[in-house]
Amino acid sequence: MQTQHSSRIARLFGVITFLLVAIVFSRTPADADLWWHLRAGQVMCESRNILLADVFSYTRAGAPWVNAFWLSELLLYGLHALGGMFAVAAFVALTGALTFWIIYRRLPGHPIRNAFLILLTAITAAPIWGPRPQILSFLLVAVLDTWLANRPRANWILLPLFVLWANIHGGWIWGFLLLAAHIMGTFLQSLAASAETKTSLRNDALALIFWTILAALALGLNPNGLAIWKLPFTQVDVSLQIQEWHSPDFHRLDFHPFLWTLFLLILAAPFAPRPLNFPQLFKTLGFAYLTFVAQRNIALFAIVAAPLLAEWFDAFAQTLPARPRRLTPNPKPGAAASSLINLLIILMLSLAAFANLFVLTRPERIEANVPAGAVTWIRENRPEGRIFNSYNWGGYLAWSLPEYPVFIDGRADMYGDEMISQWQGVVNAGPDVFTVLEKWDINFVLLEPAWPVVPILERQGWSAAYRDRQSVILLHP
């Protein structure tokens, strides 16, 4: 009877945690990259071809594009076609909830404590969680890490997993880093093991090495071929120009949960069971290091840190003295009443999550993050010639004004250092502003008003045809 009661509590907290995490990841779809992913999905649906060359810009028109996101882009566009931004935001929230639910199910210890740890790590991941294909990579990291924690396992699963991964997002590199950390941790754990266990651990690590190599070769089963291998390293080359590749700014409160998680790990470390879980420890330390290097890795740290944190806290809880049993047990409601109360709690949380998503995806919320007024002016007035646009708005313009190819958008790997440097030189009023504008035969500019180049262009006779608090359109004299 006690086991059934505990099982019901675990299931209830599992559902409640799932819904609360979904609320944590509910947000207005404001990511600048979402728009070019939607546009790519639209182009592929209309042409019935996988998009492998640039059709969004005039600076890279026709150039090969290593599109590792094509399946994700079709999914995002399909969701948008079915349910607009509400469906996209719901997908983001549910993907986050599923990711951390997978982790929650493997945690040892009391469900209430585990629910707290999952919520903490979900909040840790929240700053980087948005409507982009990378959230599917985060989900696959949780799946892979959970699979690695189980033994025995069917190693051949790595092959279809990485084939899928290579067609939804370039984050498959995170999977190989996870495998490398697990293999190194397994070898280290074997040093302190008994002879029989030592052999088993080393055989497991050697088998993983073999299947990891096969999985790396399986990455070639995608429309880009082995060119997919260059994608993560190309992005690193231009990373210093992009905010998400910067180290976390701990003056921002939303990055503080990362520090709280680290501090809890340090506090719980003395109670870690022996021998240490070296594979999970290596993964946690590795992704913590990567998070300090680039804030975009913070979700990966949260995913791999949660199991280790739960393991150490469970060991700590077992050192505490047992609570004395009550002589008179607390009265408990009957089974029917308990089920009704639980159902009402779940229903209220579900309605809260739905209502929250509805409010967050209202058109006025979405338009507050994009130059909607400027786009309306362009549609109505049809200025001739090429546009020079904000980096963050390139994807939105490709989606909302496909008849005007952009100067640049969020595909950093597509444009590389050369084009990003040209763009930065213009907006920051570098010495080659007019050389770049003339080279590309640019007739009008759409930028945020705060860029240093805006007053310089106005002094040179460029007229402000449209201006609001968010954007300004300047026409060539």
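- Ion pair Glu73/Arg132 not flagged as a salt bridge, since none of the NZ, NE, NH1 or NH2 atoms sits closer than 4.0 Å to an Asp/Glu carboxylate oxygen.
- Using a 4.5 Å cut-off on side-chain heavy atoms (C-beta onward), Glu448 and Ser471 make no contact.
- Using a cut-off of 4.0 Å between Lys/Arg side-chain N and Asp/Glu carboxylate O, Asp54 and Arg411 are scored as salt-bridged.
- Ring centroid separation for the pair His37 and Trp399 does not come in under the 6.0 Å cut-off.
- Checked against a 6.0 Å centroid threshold, the rings of Phe25 and Phe100 count as neighbours.
- When only modelled atom types and interatomic distance are considered, Ser194 and Thr197 share a side-chain donor-acceptor pair under 3.5 Å.
- Taking the six-membered ring where the residue is Trp, the centroids of Trp423 and Trp440 are separated by 6.0 Å or more.
- Under a cut-off of 6.0 angstrom, the local environment of CZ in Phe176 is crowded, with over 12 non-hydrogen atoms contributed by other residues, nucleotides or ligands.
- In this structure the side chain of Met85 reaches within 4.5 angstrom of the side chain of Leu34, judged on heavy atoms.
- You'll find the side chain of Phe301 stays beyond 4.5 Å of the side chain of Leu290, heavy atoms only.
- No donor-acceptor distance shorter than 3.5 angstrom exists from the side chain of Asp409 to the backbone of Val406, with no hydrogens or angles considered.
- Between the Gln134 side chain and the Gly171 main chain, no donor and acceptor come within less than 3.5 Å of each other.
- Taking the six-membered ring where the residue is Trp, the centroids of Trp393 and Tyr396 are separated by 6.0 Å or more.
- The existence of a salt bridge linking Arg60 and Glu418 is confirmed by a sub-4.0 Å separation between a basic side-chain nitrogen and an acidic carboxylate oxygen.
- Seen from the ring of Trp147, Arg153 counts as a face-on cation partner, given the 6.0 Å and 45° thresholds.
- For Glu403, the CD atom counts as densely surrounded, since its 6.0 Å shell holds more than 12 non-hydrogen atoms of other residues, nucleotides or ligands.
- Salt-bridge annotation for Asp441 and Arg386: absent, with no side-chain N of the basic residue lying under 4.0 Å from a carboxylate O of the acidic one.
- Lys198 places a side-chain N or O within 3.5 Å of a backbone atom of Ser190 that can act as its donor or acceptor partner.
- A donor-acceptor pair shorter than 3.5 Å cannot be found between the side chains of Asp249 and Gln295.
- Between Trp65 and Asp413, some side-chain heavy-atom pair lies under the 4.5 Å cut-off.
- Note: Phe407 CZ to Asn389 CG = 8.0 Å, rounded to the nearest 0.5 Å.
- Below 30°, between 30° and 60°, or above 60°: for Phe69 and Trp36 the angle between ring planes is above 60°, a perpendicular geometry.
- A donor-acceptor pair under 3.5 Å is absent between the side-chain atoms of Asn369 and the main chain of Glu367, judged by distance alone.
- The aromatic ring centres of Phe258 and Phe292 sit less than 6.0 Å apart.
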side-chain contact (heavy atoms from CB on, under 4.5 Å) between Phe56 and Arg39, worked out: CA-CA 9 Å; Phe56 303 155; Arg39 177 60 180 153; 3.4 Å; yes

